[in-house]
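Heads up, the thing below is written out as structure tokens.
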Protein chains: 2
Amino acid sequence: MRSRDPVRRADGAGATLRPGAGSAADEPVPPAGPGDRRGLIRIGAVASLADVSERTLRYYEEVGLISPAAHQPGGGRLYTEQDVARVRRIRELQRLMGFNLEEIRAVTSALDEVEALRDRIRGTSDAAAQLDMVAEAAAALEDLRSRVATKAGQMQAFLAEVDAKIARCHVRLRSGHPGRGAGPAPPQAAAGSPRPPRQPR
Amino acid sequence: MRSRDPVRRADGAGATLRPGAGSAADEPVPPAGPGDRRGLIRIGAVASLADVSERTLRYYEEVGLISPAAHQPGGGRLYTEQDVARVRRIRELQRLMGFNLEEIRAVTSALDEVEALRDRIRGTSDAAAQLDMVAEAAAALEDLRSRVATKAGQMQAFLAEVDAKIARCHVRLRSGHPGRGAGPAPPQAAAGSPRPPRQPR
DNA sequence: GGGCTCTCTTACGTCAACGTGAGATTTGAG
DNA sequence: CTCAAATCTCACGTTGACGTAAGAGAGCCC
């Protein structure tokens, strides 16, 4: 159990930013000059917000999955809320897709490419090279989509299989002993389920 | 690489069966008396059929996930094709659902309960106890279904998110540089995909 | 009966993804 | 300034799910 709620802003001044963490100049907070750390979050807060341990965050940094937006003079890590979202996405890819961190690194780098595009295509420093990068990221995304769709299809098939077994199970329950209350109470309908197995009374 | 194809039947005679491996008396092969091993498969064949290693099969046995249908006098393991199917299901639960072997043991034991039901409900040794077991297995199945449905829903949501990103990516590709062949060839449509992202020409 | 293949047990190795201190240092509040 | 809380950097430990190697049987074929 944590002693107190560590989710609060890091106030004060003096922080070295990472390159490219300047926020695309469309945020409500007024830019109070470089070197401040308004809106930055410390590692404990990120950990509790993303529901991971601090060790996990440092480990993700070690393997190149995340990187603090800035550092305190003493070396403390400072993150943005996009970093929190990033960590959440990492966990989602782990849980949902069963990817390991190496795969996730590839996937998220493609996603980041698409995201960073928004800012970069305006600058248009080198149109041809930019387009190549975008095309590459698009290919990676298509690949990801293919894998996700495959897995989703397999899960739907498995779900149907389980439903069939449940149905047969209920048939047995009713035919085997008609004078019973049809077993224990059915659990709640699962979220996002397009076809709950109906249980005739 | 394996030296030769080990998928063939174990012929000969003399094998100690496991209890309950007598096959529900509705198979095409004539029962040639107990103690034979017709239709039984050795471990190497099971391994190649289920696409796992022999070590994995022994490990699954060690943790109580599978158990050979019979043994050769020298100690060799003999399996049925249902065992192969069982191993395949174990792998599916690992890959698809990300379950660990402990969870899989719980799930498959429930599935087995439902399956064994077919034979046992006929014998009707103790109707009340049987019904209780069925009800318990049904509850476990509902729980499994809930988890599968939840995950399937989350995957559909993630799929939609990826699709949105792909669409934006293609918009950029066309608006950013109209004189290009729209990037590399799109990958093949994924199997079981209900909504492939259309790529306007 | 020699050789080849398959399988057995035993036991140590591995790899990812963190967990868990230890001890030093920094930070923020009062 | 003071001090508790938060964070830092090593660095070793853990856990699940096997991989891998060694040496010994067991079965089959010519």
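Predicted, not measured: the structure shown is a model, and the values here were computed from it. What you see below is based on every heavy atom in this structure, not just the backbone, and it leaves out hydrogens, waters and symmetry mates. Numbers restart at 1 for each chain; the letters A, B, ... are given by sequence-line order, proteins then strands.
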Check every atom of D:dT9, C:dT27, C:dC8 against the side chain of A:R77 and return the nucleotide holding the closest atom.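 Looking only at side-chain atoms, A:R77 lies closest to D:dT9.
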
Any sub-3.5 Å donor-acceptor pair from A:K151's side-chain atoms to A:M97's backbone N or O?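 Here the side-chain-to-backbone pair exists.
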
Short question: side chain of B:T56, backbone of B:V52 - any donor-acceptor pair under 3.5 Å?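 Such a contact is absent between B:T56 side chain and B:V52 backbone.
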
Measuring to OP1 and OP2 of C:dG28, would you say a side-chain N or O of A:Q72 lies under 4.0 angstrom away?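 The answer is yes; a side-chain N or O of A:Q72 sits under 4.0 Å from OP1 or OP2.
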
Please determine whether a side-chain nitrogen or oxygen atom of B:R58 lies at a distance below 4.0 Å from atom OP1 or OP2 of D:dG19.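 Checking B:R58 against D:dG19: no side-chain N or O falls below 4.0 Å of OP1 or OP2.
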
Can you check the [X] [atom1] to [N] [atom2] distance for me, whole Å?
X	N	atom1	atom2	value
B:L57	D:dG19	CG	C1'	14 Å
B:R42	D:dA26	CZ	C1'	9 Å
B:D51	D:dC18	CG	P	12 Å
B:L78	D:dA26	CG	P	15 Å
B:E61	C:dT7	CD	C1'	13 Å
A:E62	D:dC10	CD	C1'	11 Å

Between B:R147 and B:E142, does any NZ, NE, NH1 or NH2 come within less than 4.0 Å of an OD or OE carboxylate oxygen?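 The answer is no: the pair does not qualify as a salt bridge.
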
Residues B:R77 and B:D83 bridged, charged N to O under 4.0 Å: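 A salt bridge is absent here (no side-chain N lies under 4.0 Å from a carboxylate O).
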
With B:R105 via salt bridge (Lys or Arg N to Asp or Glu O under 4.0 Å) - residues at least two apart: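 For B:R105 the salt bridge (Lys or Arg N to Asp or Glu O under 4.0 Å) partners, ignoring immediate neighbours, are B:E102.
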
Once each nucleotide of nucleotides 14-19 of chain C is scored for protein heavy atoms under 4.0 Å, what B/S/- sequence comes out, 5' to 3'? ---BBB

Just jot down the side-chain hydrogen bond (donor to acceptor under 3.5 Å, both in side chains) partners of A:R88, sequence neighbours excluded, or say none.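 For A:R88, no residue satisfies side-chain hydrogen bond (donor to acceptor under 3.5 Å, both in side chains) once neighbours in sequence are set aside.
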
